[in-house]
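Inspection log for the structure reproduced underneath, given as structure tokens.
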Amino acid sequence: LIRRIVSYFRHAATTPLDPRVRERMALCLEEDPGAEGSLLSEPRRGGKILDEARERLALFMGASPSEIVFTSGGTEASNLALKGAALAPPREPARRRILVAATEPAAILHPARTLGRLGWEFSEIPVDGRGVVDTARLRSMLDDRVLLVSMSLANAETGVLQDLPGIARLTRDCGALLHTDAGVAAMHLPLRVDDLGVDLLSLSAHRMYGPRGAGALYVRDGVRLAPLVEGGIEEGGLRAGAQSVAAIAGFGEAAALATVERQAWKERSWEVGRALASGILESIPEVVHHGAAAERVEAMVCLSVAGVEGESLLLGLERAGFAASSGSPCADEAGKPSHVLLAMGVSPRLAQSSILLAAGRGNSVEEAERLVAHLCGDVSRLREMSVVERA
Amino acid sequence: VSAARVEGCLPESAGAVLDTVGLYCPVPIIKTAERMKAMGEGEILEVVSDDRVILLDLPAWCRSTGNAYMGHRESGRDLHLFVRRGPARPAGQAA
């Protein structure tokens, strides 16, 4: 019997919609042309709502409103960043190389691979055992043929942080663009684009208590992109088609809330993450905590339990009312080892059995303690039953 | 269109440059209008575009908004067009 989920620990994948965001969105959904506030009776109101949301996103990341392009989500934003930079009329035609951290999500890796098929040169930047980009290797890969470097501020599976300001100094010196997917980091860390040194930054509304269906790409003034969706004047010509006003209004509200409340969200969720990590490591033997040696988003705990399948652990957690994930679409959908963990040098067996516990602002230390107690019992039981060889 | 059509003298440089390469009209015109709002009377904006439709659209926009189209020069596929900000218009009229 699967019980109702009572404790949600999948915040790195998606976050619950904030009630204040839902309220803001509802105000934009009146479709009766005769009703007060309807977007159909007041055509300019939609534009004003979009302007307000754009200003809120700009304030959230220390950018100018004209540097914000709304998209359908973070995945589209990252596709626009990579493909848009590659397909734009080039200022320097010799720049045909795209460098991407080996631990990037599919939203980055796949467009980069597509560009590779279309004639651009695509290479992965290796990471060390902690999951941190090998700066010496990156330096050796950078030259005047590199168009763009992409790496997430916080990895979506491990929470490991990259030193973007340091990386930005390298990319700037060689004249390459720097893109980051900041979706996971958005509800934990300040995202001042000038401090980070990035030229392009992707965000997802649904990873910061906003709605699904809205995302944004920060495009530094002067960066040349080609649109992926053409045929209209929306979003400065970089993303044609009528915008989803309600979703974007909700995104703006989420950004405004995060601007004020992010520090409190971080403190709460990191305390819960630390309770999860210490509780599990102290009470369960032979657990590998991936990325523990690196600076990371401490609300996220990615681990493998030797001798136990991750899928079994996730099923047991779900039955007990805890929502967790493998953290890896490879593992979830194809039963493959996580490419992130493989890139960190983790064995395929351990990489295939990882689980990710990602705390959010609504979790408590008591919930974390209950999860640890459940996991402890489940691991003992599964290890007794398991026919899986220990890695 | 001639390689270097000149209406008056093209300036050596402009106070601001707006890169719209890769974008089709009317987006470069919309971006020009936005950028001009932040400029003062007499200031010059250089608009860079690779959509040749702008050679018709930008002079027409300038005529209808009281700004001065100064001409353009070409560099490869790129067009560099120069606009001088006209006097501010009373509320209710296009800027």
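Scope of the values below: all heavy atoms of this structure, side chains included, with no hydrogens, waters or symmetry mates. Keep in mind that what you see is a predicted model, and the values were worked out from it rather than measured. So you know, we letter chains A, B, ... as the sequences are listed, proteins then strands, and number each from 1.
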Notebook entry, point to check: What is the distance from atom CD1 of A:I98 to atom CG of A:L177, rounded to the nearest 0.5 Å?
Noted result: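 The distance works out to 9.0 Å.
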
Next item on the list: First locate atom CG of A:L225, then atom CG of A:L217, and finally report the distance between them rounded to the nearest 0.5 Å.
Entry: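 If we round to the nearest 0.5 Å, A:L225:CG and A:L217:CG are 6.5 Å apart.
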
Check: What residues, two or more places apart in sequence or in another chain, satisfy side chain to side chain contact (heavy atoms under 4.5 Å, CB included) together with B:P11?
Finding: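 Here the qualifying residues are B:I44, B:M70, B:F82.
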
Under 3.5 Å, which donor-acceptor pairs link chain B to chain A? Give each pair on its own line with the distance.
from: B:D19; atom 1: OD1; to: A:R224; atom 2: NH2; distance (Å): 3.3
from: B:D19; atom 1: OD2; to: A:R91; atom 2: NH2; distance (Å): 2.2
from: B:D19; atom 1: OD2; to: A:R224; atom 2: NE; distance (Å): 3.0
from: B:D19; atom 1: OD2; to: A:R224; atom 2: NH2; distance (Å): 3.0

Next item on the list: Indicate the atoms forming the closest heavy-atom contact of A:A240 with A:G232, along with that distance.
Entry: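 Looks like CB-N, 3.2 Å.
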
Item checked: Exercise: identify the closest heavy-atom pair between A:A106 and A:P111 ->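 Residues A:A106 and A:P111, closest heavy atoms: O-CD, 3.5 Å.
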
Check: Would a 4.5 Å heavy-atom cut-off, applied to side chains only, mark A:M141 and A:V146 as touching?
Finding: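 No, their side chains stay 4.5 Å or more apart.
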
